[in-house]
Protein chains: 2
Amino acid sequence: MRLALDLADRAAIDGEVPVGAVVIRDGAVIATSANTMRTANDPTAHAEIVAIRAAAEALAQPRLDGCDLWVTLEPCAMCAGAIAHARIARVYYAAADPKGGAVEHGPHFFTQPTCHHRPEVYAGIGAEEAALQLRAFFAERR
Amino acid sequence: MRLALDLADRAAIDGEVPVGAVVIRDGAVIATSANTMRTANDPTAHAEIVAIRAAAEALAQPRLDGCDLWVTLEPCAMCAGAIAHARIARVYYAAADPKGGAVEHGPHFFTQPTCHHRPEVYAGIGAEEAALQLRAFFAERR
């Protein structure tokens, strides 16, 4: 999570909402990313999507069985859907996102009957630092 | 929708689940795509995601305000989330997807309080042909 938080910090410097993500398999980092929606002109470029795509490319396979995703913010519906499609084994996220989260908020996607892969979910690790990063970012822009 | 159905047909020939998508703005085609999950080794490469990314790249902007998305299957949670993030104005989809859909099934994402942009939704145009494409594809693989 330290690495994901550092990636988020760097994203903020680029003017992106500070969210970072890391994909790990068997203790090795497969892919790292940050939110790049604005710099990449890509509405799908949340940190999780970028990390999942990079990991699948690195492993040359369309699924990420056995991989873990560490991310600094609760995944939204788009990212929760991608996590299920990729068959990520475990998701660790830092801050909860009552406004846009889809794991413990809104659709609670992993509990839906239309969700065909349910990762193990561990929330709260690094939550305070991640929440601070986000608050500082939005405070500066107001 | 004719174009999206033809794109889906071509995806099936490549061994991909036959779903096609087209992004339109002011009557002009901005991007076309099909599901390329397997051929691209990308778990996020549903037709809608590929089309949205291509359209945003073509327009060099991170949002698709004023654009319409035509797709041959009801969007899943990942794609519904991406549609909301991209601020797609209108979504036209052909076949409903009771197993994985997130518009009129499962999370009913566009009705969630965590959904921050609700497109107009028109379902059923071309539904019979899209359902036939999908049934034929899965029948052949069983």
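Proteins come first, then strands; the chains are lettered A, B, ... in the order of their sequence lines, and each starts at number 1.
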- prompt: Considering residues at least two apart in sequence or located in another chain, which fulfil the side-chain hydrogen bond (donor to acceptor under 3.5 Å, both in side chains) criterion with A:D68?
  reply: A:R90
message: Heavy-atom pairs under 4.5 Å with chain A - which of B:R38, B:R87, B:H116 has more of them than the others?
response: B:H116
Which of B:L59, B:D42, B:L64 touches chain A most, by non-hydrogen pairs under 4.5 Å: B:D42
query: Side chain, backbone, both or neither: which part of B:A60 has a heavy atom under 4.5 Å from chain A?
result: both
- prompt: Side chain, backbone, both or neither: which part of B:H108 has an atom under 4.5 Å from a heavy atom of chain A?
  reply: neither
field: Flag side-chain contact, heavy atom, 4.5 Å: A:C76 against A:D97
entry: no
task: For each of B:H105, B:H46, B:Q112, tally heavy-atom pairs with chain A at distances under 4.5 Å, and name the one with the top tally.
output: B:Q112
- prompt: Top residue by heavy-atom pair count (under 4.5 Å) with chain A, among B:A82, B:P62, B:C79, B:G81?
  reply: B:P62
Side chain proximity check, A:I49 to A:R53, heavy atoms < 4.5 angstrom: yes
- prompt: Taking all non-hydrogen atoms of both residues, which atom of A:A34 and which atom of A:L7 are closest, and how far apart?
  reply: CB-O, 3.7 Å
- prompt: Partners of A:F110 by ring-ring contact (aromatic ring centres under 6.0 Å, His included), sequence neighbours excluded?
  reply: none
